[in-house]
Amino acid sequence: MLDILYRDSRTIAVNKPAGMLVHRSWLDRHETQFVMQTLRDQIGQHVYPAHRLDRPTSGILLFALDPEAARLLTQQFEQKTTRKTYWAIVRGYLPDDGLIDYPLKYQPDKIAESQTEATLQEAQTRYRCLARTELPFQSAARYPTSRYSWAELVPHTGRKHQLRRHMKHIFHPIVGDTNYGDLRQNHATAAHLGTTRLMLHARSLSFQSIENGETLTICADTDESWRIWLGTFEA
């Protein structure tokens, strides 16, 4: 059962678990659980995704309940009238705040296109450091302790893996990122804290109601891995 965060006659939002695909993909033929099919079975009607979340990312996922609502919601994302806020745990002490303005190479979904497409796309991410912690285990040869930051990330553009690639670019990779992260850090945090997932969570989403035009803001709670990490910042 998925955790339903919000529902009206035209839209529904759920808290997507980390590791769950949004929909079927030919790249993951062996998978049997998908958010779309699970939600459809749970509420007894078809749903239409308004946007996407990467498989390892948890948090708010918005669906429409009819094709016209899907078109209107997708239009909001395309016109950048929505606001998405993410939480991340990153390596090192992040500066208090800043803007990452760094173009990213286009990454197509189809493998057949990957050799021919090399377009750079503008990409901007605003970040803010919410807290910092120093933990008593070694994850780099030079230091006896390990430093981490709890970050709030707000993407101004929607490029593939944008947050993960941008945090790598400023040398503060997201913990648990097996594609763009620090593998030594990932192994150390898994061994000492027991967390292995990508520490990236879609925390809040603001959009315009299809029903009445009002601005809605939805928040999603975090899972057990996040509770472990947030406990280290409160200590």
Side-chain angles (χ1 to χ4, degrees), residues 13 16 18-19 21-23 25 27 35 49-62 70-130 148-183 185-186 197-208 215 217-220:
K16 185 186 92 65
L21 287 167
V22 175
H23 50 69
S25 169
L27 293 173
V35 178
H51 63 120
R52 298 191 301 179
L53 284 180
D54 294 341
R55 178 179 180 173
T57 305
S58 60
I60 298 171
L61 193 59
L62 183 64
R71 184 186 69 81
L72 293 172
L73 287 176
T74 300
Q75 192 174 69
Q76 290 186 45
F77 283 95
E78 290 174 346
Q79 294 176 352
K80 301 178 183 178
T81 58
T82 60
R83 177 182 169 84
K84 293 183 287 185
T85 300
Y86 292 77
W87 281 356
I89 304 296
V90 303
R91 183 189 71 185
Y93 280 0
L94 190 68
D96 288 345
D97 57 72
L99 176 69
I100 305 169
D101 188 354
Y102 179 73
L104 297 171
K105 183 179 177 181
Y106 173 68
Q107 290 188 345
D109 290 327
K110 295 182 179 180
I111 296 175
E113 298 176 0
S114 62
Q115 301 302 316
T116 60
E117 182 60 73
T119 305
L120 282 176
Q121 299 176 306
E122 65 169 344
Q124 296 89 30
T125 300
R126 174 70 61 181
Y127 67 84
R128 182 165 67 97
C129 184
L130 301 177
Y148 299 95
S149 297
W150 170 16
E152 178 185 84
L153 307 176
V154 179
H156 296 328
T157 50
R159 310 308 178 196
K160 187 174 182 180
H161 298 165
Q162 175 176 315
L163 300 181
R164 298 160 67 180
R165 295 162 74 186
H166 267 175
M167 297 315 292
K168 175 187 177 182
H169 173 68
I170 64 169
F171 305 105
H172 292 284
I174 299 174
V175 171
D177 192 338
T178 56
N179 290 335
Y180 309 100
D182 182 329
L183 295 184
Q185 292 276 349
N186 293 347
R197 60 156 291 186
L198 172 72
M199 296 306 299
L200 181 63
H201 178 70
R203 173 62 174 172
S204 69
L205 172 65
S206 297
F207 65 100
Q208 192 175 45
T215 298
T217 299
I218 303 169
C219 292

> Do Val175 and Gln185 pass the side chain to side chain contact (heavy atoms under 4.5 Å, CB included) test, and can you show the C-alpha distance, the side-chain angles, and the key distance before you say yes or no?
Replying inline: CA-CA 7 Å; Val175 171; Gln185 292 276 349; 5.7 Å; no
>> Apply side chain to side chain contact (heavy atoms under 4.5 Å, CB included) to residues Ile89 and Trp150 and explain how you reach the verdict.
In response: CA-CA 5 Å; Ile89 304 296; Trp150 170 16; 4.1 Å; yes
> Does the side chain to side chain donor-acceptor pair (under 3.5 Å) test come out yes or no for Glu122 and Thr157, once each step is laid out?
Replying inline: CA-CA 8 Å; Glu122 65 169 344; Thr157 50; over 6 Å; no
> Should Asp101 and Gln124 be marked as a side chain to side chain contact (heavy atoms under 4.5 Å, CB included) after you check the CA-CA gap, both sets of side-chain angles, and the distance that decides it?
Replying inline: CA-CA 5 Å; Asp101 188 354; Gln124 296 89 30; 3.3 Å; yes
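Phe207 is listed as a side-chain neighbour of Ile218, based on a closest heavy-atom distance under 4.5 Å. At a threshold of 4.5 Å between non-hydrogen side-chain atoms, the residues His51 and Leu61 count as touching. A heavy-atom distance below 4.5 Å is not found between the side chains of Thr81 and Gln208. Inter-residue side-chain proximity for Tyr86 and Leu53 is flagged as met; some heavy-atom pair is nearer than 4.5 Å. Under the 4.5 Å side-chain criterion, counting only non-hydrogen atoms from C-beta, Asp177 is not in contact with Met167.
For the pair Ala50 and Thr74, the tightest heavy-atom approach, listed with the atom from each and the gap, is O-OG1, 3.9 Å. Considering all non-hydrogen atoms of both residues, Ser204 and Ile60 come closest at CA-CD1, 3.4 Å. Nearest heavy atoms, Gly176 versus Asn186: N-OD1, 2.8 Å. Among all heavy-atom pairs drawn from Pro95 and Cys129, the shortest one is O-CB, 3.4 Å. Here the closest non-hydrogen pair linking Ser58 and Ala18 is CB-N, 3.8 Å. Residues Gln162 and Ala123 share a closest heavy-atom pair of OE1-CB, 4.0 Å.
The structure places OG1 of Thr57 at 5.0 Å from CG of Leu198, a figure rounded to the nearest 0.5 Å. The distance from atom CD1 of Ile174 to atom CG of Asn179, rounded to the nearest 0.5 Å, is 11.5 Å. For the atom pair Arg126 CZ and Leu153 CG, the distance stands at 12.0 Å (nearest 0.5 Å). Rounded to the nearest 0.5 Å, atoms OG1 (Thr125) and CD1 (Ile170) are 9.0 Å apart. Here the straight-line distance linking atom NE2 of His166 with atom CG of Leu99 works out to 8.5 Å at 0.5 Å rounding. In this structure, the separation between NE2 on His156 and CD1 on Ile100 is 10.5 Å, given to the nearest 0.5 Å.
Remark: Arg203 engages Trp87, His201, Asp221 in a side chain to side chain contact (heavy atoms under 4.5 Å, CB included) (not counting sequence neighbours). Taking Arg165 as the reference, nothing meets the salt bridge (Lys or Arg N to Asp or Glu O under 4.0 Å) condition, with sequence neighbours excluded.
Side-chain N or O atoms of Thr217 include none that pairs as donor or acceptor with a backbone N or O of Ser206 at under 3.5 Å. Although no hydrogens or angles enter the test, the distance criterion places no donor-acceptor pair under 3.5 Å between the side chain of Asp97 and the main chain of Tyr127. In this structure, Arg52 contributes its side chain and Arg55 its backbone to no donor-acceptor pair below 3.5 Å. Side-chain atoms of His172 come within 3.5 Å of backbone atoms of Arg91 as a donor-acceptor pair (strictly under, hydrogens ignored).
Residue-environment remark: OH (Tyr93) exceeds the threshold of 12 foreign heavy atoms within 6.0 Å.
Residue pairs meeting the salt bridge (Lys or Arg N to Asp or Glu O under 4.0 Å) criterion with at least one member in residues 72-86, sequence neighbours excluded, do not occur.
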